2 protein chains.
Amino acid sequence: MKDRINRLMAIRKLITFNRIRSQEELMGKLEKKGFRVTQATLSRDLKFLKVTRRYDEKGRLYYVMPESLHREEATSQSPLRFDEGFVSLEFSGSLGVLKTLPGYASSFAIRIDRAAKFEILGTVAGDDTILIIPRDGVPVKDIRSSLKMIFPDLEEKL
Amino acid sequence: MKDRINRLMAIRKLITFNRIRSQEELMGKLEKKGFRVTQATLSRDLKFLKVTRRYDEKGRLYYVMPESLHREEATSQSPLRFDEGFVSLEFSGSLGVLKTLPGYASSFAIRIDRAAKFEILGTVAGDDTILIIPRDGVPVKDIRSSLKMIFPDLEEKL
DNA sequence: ATAAAAAATGTATATATTTGCAAAATAAAA
DNA sequence: TTTTATTTTGCAAATATATACATTTTTTAT
């Protein structure tokens with residue numbers, strides 16, 4: 001059912017851009033966007049998305065998407081630019097094929113995997129090509145925007 | 001007061017080396033070590049230590065120290081069992097995406113290929129991901145059961 | 001289209017965690 | 001030491017989250 005997927009996406013966005021402190025609060029925000037479900041469903045959704053909670057500066061708990069746990073680690077030290085080596089991105093059906101210069105494929109794939117985007121089920125990297133397998137039912141444009149978030153430097157090329 | 005500090009240290013150690021799933025459980029383990037406090041105190045201790053919770057492979061929550069969020073799977077020291085590197089299996093359409101710990105993909109793929117199941121047309125293995133391509137028209141559940149036959153130890157996870 | 005199977009959800013409830021408040025323990029000041 | 005302030009803790013109650021079970025919705029197969 002498409003409604004569930006849409007809701008999961010909405011939850012992800014809400015959690016990413018707000019400090020949501022309880023499932024009740026999340027329920028309220030979802031309702032404003034037209035998603036009407038109970039707290040129990042949200043409990044299941046959060047589990048599905050592997051959402052965890054963290055303490056903010058004031059010691060209050062709020063929800064975080066798992067990817068942002070990784071992001072800081074990845075961005076903290078490495079000043080590497082990641083647009084180096086990129087060649088092209090095209091889709092065949094829903095499958096994405098990202099081409100790189102020889103030898104660069106795995107470094108791109110690792111970034112994608114680390115980001116652990118909900119929309120992307122997995123990648124398989126060869127030497128200069130990555131196959132990107134989207135989660136069932138996720139449209140191409142969502143994959144593109146995921147990739148843009150992972151590779152902000154490539155914004156225009158993706 | 002020294003007792004509290006000692007207890008906090010003990011908590012840190014317990015959480016780092018065990019999968020503690022509730023404050024009650026933690027209370028029990030602490031008691032065995034001579035620390036006798038109520039669950040309410042542990043709630044405060046965990047907040048103080050900024051301990052968070054995560055979902056394990058089976059979707060159960062357990063406590064993690066904030067540092068170990070970064071360390072990840074680094075400490076895979078134990079001798080690996082045959083099925084040890086398995087992480088997850090999901091499908092996108094009819095394509096299967098099997099994730100493994102880094103480096104283990106090909107060992108899984110080889111076993112799949114060796115089994116030469118009719119239902120599985122072939123596999124493509126990266127470093128930690130295998131793409132499983134089913135024969136045209138073969139339903140997901142048949143792929144799953146093929147994989148169960150190939151990896152009997154993973155019965156529950158597939 | 002209809003039946004059968006699987007997935008998603010709500011309701012009510014169980015389980016788990018947090019917190020206000022008062023008491024006890026510890027540290028600091030007189 | 002005695003007094004006073006601060007920190008720690010327990011208790012009980014409030015919040016918050018998870019889940020068993022029944023029902024509805026969606027998907028798959030016939």
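Sequence lines set the chain letters: A, B, ... in the order given, protein chains first and strands last, and positions in each chain run from 1. Just so it is clear, the model here is predicted, and its values are computed rather than measured.
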Next on the checklist: Both conditions, 6.0 Å and 45 degrees, for the charged tip of B:Arg4 above the ring of B:Phe48: are they met here?
Outcome noted: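 Because its charged atom sits under 6.0 Å from the ring centre and within 45° of the axis, B:Arg4 does stack over B:Phe48.
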Checklist entry - Would you call A:Glu24-A:Lys29 a salt bridge at under 4.0 Å N-O? => result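 Salt bridge flag = no for A:Lys29 with A:Glu24.
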Item to check | Short N-O contact, A:Arg135 and B:Glu90, less than 4.0 angstrom | outcome: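 Judged by the 4.0 Å cut-off on N to carboxylate O distance, A:Arg135 and B:Glu90 do form a salt bridge.
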Reckon [X] has a side-chain N or O less than 4.0 Å from the OP1 or OP2 of [N]?
{"X": "B:Tyr55", "N": "D:dT17", "result": "no"}
{"X": "A:Arg4", "N": "D:dT26", "result": "no"}
{"X": "B:Lys47", "N": "C:dT19", "result": "yes"}

Measure [atom1]/[X] against [atom2]/[N] and give the value in whole Å, please.
{"X": "A:Asn6", "N": "C:dT9", "atom1": "CG", "atom2": "P", "answer": "11 Å"}
{"X": "A:Leu49", "N": "D:dA18", "atom1": "CG", "atom2": "P", "answer": "13 Å"}
{"X": "A:Leu46", "N": "C:dA8", "atom1": "CG", "atom2": "P", "answer": "15 Å"}
{"X": "A:Glu24", "N": "C:dT17", "atom1": "CD", "atom2": "C1'", "answer": "15 Å"}
{"X": "A:Arg21", "N": "D:dA14", "atom1": "CZ", "atom2": "C1'", "answer": "19 Å"}

Mind checking [X] for me? I need base, sugar-phosphate or nothing, with any heavy atom below 4.0 Å counting as a touch.
{"X": "A:Gln23", "result": "sugar-phosphate"}
{"X": "B:Leu61", "result": "sugar-phosphate"}
{"X": "A:Arg60", "result": "nothing"}
{"X": "B:Tyr63", "result": "sugar-phosphate"}
{"X": "A:Ser43", "result": "base"}

Next on the checklist: Can you list everything that forms a side chain to side chain contact (heavy atoms under 4.5 Å, CB included) with A:Glu31? Sequence neighbours excluded, please.
Outcome noted: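 If we apply the side chain to side chain contact (heavy atoms under 4.5 Å, CB included) test to A:Glu31, skipping adjacent residues, the hits are A:Arg36.
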Item to check | Near-strand residues of residues 27-40 of chain B, defined as heavy-atom separation under 4.0 angstrom from DNA chain D | outcome: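 Result for residues 27-40 of chain B: B:Arg36, B:Val37, B:Thr38, B:Ala40, sorted by number.
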Item to check | Inter- and intrachain pairs under salt bridge (charged side-chain N to carboxylate O under 4.0 Å, His left out), touching residues 43-53 of chain B, at least two apart | outcome: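 Output for this query lists B:Arg7-B:Asp45.
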Next on the checklist: I'd like to check B:Leu131 versus A:Ile133 (side-chain heavy atoms, cut-off strictly below 4.5 Å). Are they in contact?
Outcome noted: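 B:Leu131 vs A:Ile133: side chains touch.
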Checklist entry - Between A:Thr41 and B:Asp45, which is nearer to the 5' end of DNA chain D once each is assigned its nearest nucleotide? => result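 Per heavy-atom nearest nucleotide, the more 5' residue is B:Asp45.
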Checklist entry - B:Ile132 pairs by side-chain contact (heavy atoms from CB on, under 4.5 Å) with which of B:Val124, B:Val97, B:Leu95, B:Leu147? => result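 Exactly one pass, corresponding to B:Leu147.
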